[in-house]
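Working notes, beginning with the structure itself.
Naming: A, B, ... by sequence-line order, numbering from 1 per chain. This one's a predicted model, so the numbers in the text were calculated from it and none came from an experiment.
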Amino acid sequence: MNYLTTAPLALEALLAEVSAPHCGGTCAFLGTVRDGPEDGGVTAIEYSAYDAMAEAELDRIVAETRRQWVDARIAVRHRLGLVAAEEASIAIAVATPHRADAFAACRYVIEEVKKRLPVWKKELRADGTATWVDPSGHPSMVGPQ
Amino acid sequence: MNYLTTAPLALEALLAEVSAPHCGGTCAFLGTVRDGPEDGGVTAIEYSAYDAMAEAELDRIVAETRRQWVDARIAVRHRLGLVAAEEASIAIAVATPHRADAFAACRYVIEEVKKRLPVWKKELRADGTATWVDPSGHPSMVGPQ
Amino acid sequence: RVRFFARYAELAGRSEGTLTVPLPATVSDVMKQIRATWPGASALPAQPLAALNLRHVRLDARISDGDELALLPPLAGG
Amino acid sequence: RVRFFARYAELAGRSEGTLTVPLPATVSDVMKQIRATWPGASALPAQPLAALNLRHVRLDARISDGDELALLPPLAGG
């Protein structure tokens with residue numbers, strides 16, 4: 001399965017993938033590159049991955065989700081390469097017969113992705129600097145591009 | 001605000017509405033007309049509403065959601081009229097700075113909609129019969145169309 | 001002014017009507033009069049879901065002059 | 001075979017390399033040798049996140065012949 005792509009993410013395609021006559025509820029999640037005031041003029045993020053492991057890890061996360069929510073239909077894409085501010089870096093869609101399961105399963109996927117996916121991001125700023133992002137709170141400058 | 005429409009729902013339009021530079025997480029929910037084995041050949045659902053009250057109720061639900069999740073950006077559409085199996089009857093999109101809030105706020109909207117929205121549905125079946133749907137479990141036949 | 005929706009409109013044989021009730025009165029009082037006034041309305045439940053001026057209300061809510069009362073079958077939105 | 005990613009590749013000055021270590025050995029043992037072998041690698045943390053053959057492992061995991069060990073900076077996917 002190809003979960004990784006350098007193309008812009010289209011949620012409609014994922015929704016079409018998970019749609020099924022018996023699934024009445026679909027929950028989707030989009031993670032987008034922020035450029036809030038505290039984000040210091042981030043213009044784009046460059047995502048890179050340990051590709052083979054990221055694909056394998058997503059396969060495992062999807063399989064675990066299907067084991068916990070047996071009727072769930074799941075689609076996931078993670079974008080790599082340059083992603084502009086306000087574009088999506090991840091898209092997840094989960095369809096289930098009942099809505100509570102769709103929310104729970106979709107949430108499970110994104111939480112596991114955050115914990116386990118071997119993906120890194122370098123924030124590119126308007127002033128030409130770049131920083132590797134450490135979500136645990138220790139950014140490290142890598143100097144002007 | 002016009003939350004009610006007879007046109008097919010397009011989630012992309014709602015995502016564009018809620019997108020904002022400071023919002024990194026977007027959760028969306030789609031409710032679709034099921035045609036599962038236990039649903040007995042439902043070909044379409046006819047939705048009707050107490051229009052003025054449904055609009056007012058959705059205004060109140062959105063306002064309550066904004067009070068609980070102050071940074072949330074929220075878009076909701078409920079479809080009325082004939083909706084074919086596998087088409088969406090409701091679409092909700094919520095964008096927030098952090099993903100946990102997007103999930104919680106989106107879930108709040110759909111749960112309140114289910115509890116409070118003055119909307120009714122008549123299931124139309126392949127055999128020509130129709131049934132008013134009572135989600136509490138007491139369907140009432142209204143005879144052949 | 002009284003409005004009936006969905007299955008209740010079918011039962012009452014009408015989607016709306018006007019009633020005059022002596023005040024003070026509650027939604028329950030009006031319900032009794034509704035069931036007595038229109039033939040099909042006697043098939044309505046004695047304690048339906050009700051809305052007054054576009055808001056859900058309990059059956060003991062007070063009615064004022066000019067109010068719009070709506071009787072709502074079990075909700076099925078979403 | 002050892003692979004370095006993102007910031008660790010910049011620190012180590014390489015994205016991969018090959019090492020020979022006496023078995024039995026753990027990921028920790030290999031880490032010591034990595035830091036001693038490549039100049040920039042001494043700047044790597046002593047206990048980084050590690051993956052063996054495409055799976056997350058603890059630093060006390062056993063290494064086998066032909067394994068692919070990867071050193072992963074703090075994850076930032078999603």
Side-chain angles (χ1 to χ4, degrees), chain B residues 3-4 9 29-34 45-61 76-80 83 88-92 106-123 130-143 145, chain C residues 1-19 25-28 30-31 33-35 37-78:
Chain B
Y3 299 103
L4 306 177
L9 301 179
F29 179 78
L30 281 178
T32 50
V33 170
R34 285 197 301 179
I45 286 191
E46 191 179 357
Y47 283 88
S48 59
Y50 181 4
D51 290 51
M53 179 175 168
E55 294 277 1
E57 202 67 48
L58 280 167
D59 249 345
R60 291 188 284 262
I61 291 169
V76 187
R77 293 290 183 290
H78 199 298
R79 193 166 164 196
L80 297 181
V83 182
S89 53
I90 189 164
I92 302 167
C106 186
R107 185 77 195 272
Y108 179 81
V109 172
I110 182 63
E111 295 304 324
E112 294 305 305
V113 161
K114 292 273 176 185
K115 272 187 254 173
R116 296 157 55 179
L117 212 64
V119 166
W120 299 279
K121 55 188 187 189
K122 202 187 247 181
E123 288 184 346
T131 315
W132 286 106
V133 177
D134 178 352
S136 66
H138 307 286
S140 35
M141 195 64 72
V142 292
Q145 290 282 292
Chain C
R1 187 178 177 212
V2 183
R3 300 186 64 178
F4 303 91
F5 288 93
R7 182 163 150 76
Y8 291 177
E10 290 181 357
L11 290 172
R14 61 179 58 234
S15 62
E16 57 180 278
T18 308
L19 279 185
T26 64
V27 172
S28 277
V30 181
M31 263 315 295
Q33 196 167 333
I34 288 170
R35 287 155 57 93
T37 304
W38 294 298
S42 57
L44 294 175
Q47 309 203 327
L49 200 59
L52 205 54
N53 304 324
L54 312 184
R55 284 180 181 274
H56 290 288
V57 289
R58 296 179 1 163
L59 297 174
D60 59 3
R62 288 295 180 107
I63 299 284
S64 302
D65 196 32
D67 277 356
E68 174 169 304
L69 173 67
L71 302 185
L72 315 176
L75 306 183

- Task: First locate atom CG of L54(C), then atom CD of E57(B), and finally report the distance between them rounded to the nearest 0.5 Å.
- Result: 9.5 Å
- Item | Contact class of Y47(B) relative to chain C, heavy atoms under 4.5 angstrom | side chain
- R116(B) CZ to L75(C) CG distance, which is reported to the nearest 0.5 Å: 11.0 Å
- Message: For S89(B) versus G78(C), what's the shortest heavy-atom pair and its separation?
- Response: OG-O, 2.9 Å
- Query: Within a radius of less than 6.0 Å around CG of D60(C), do more than 12 heavy atoms belonging to other residues, nucleotides or ligands occur?
  - Reply: yes
- Task: Answer with side chain, backbone, both or neither: which region of R3(C) has an atom nearer than 4.5 Å to a non-hydrogen atom of chain B?
- Result: side chain
- Message: Run the side chain to side chain contact (heavy atoms under 4.5 Å, CB included) test on M53(B) and L72(C) for me, step by step, so that the C-alpha distance in whole Å, both residues' side-chain angles and the decisive distance to 0.1 Å come before the verdict.
- Response: CA-CA 11 Å; M53(B) 179 175 168; L72(C) 315 176; 4.2 Å; yes
- Approximate separation, where rounding is to 0.5 Å, of T131(B) OG1 and R7(C) CZ: 10.5 Å
- Message: Does any backbone or side-chain atom of R60(B) lie under 4.5 Å from a heavy atom of chain C? Answer side chain, backbone, both or neither.
- Response: side chain
- Item | Partners meeting salt bridge (Lys or Arg N to Asp or Glu O under 4.0 Å) with R1(C) (sequence neighbours left out) | E16(C), E68(C)
- Item | Nearest non-hydrogen partners of A76(C) and W120(B), listed with the distance | CB-CA, 4.3 Å
- Message: With a 4.5 angstrom heavy-atom cut-off, is it the side chain or the backbone of A49(B) that approaches chain C, or both, or neither?
- Response: backbone
- Message: Quick check: under 4.5 Å, non-hydrogen atoms only, which of residues 41-50 of chain C neighbour chain B?
- Response: none
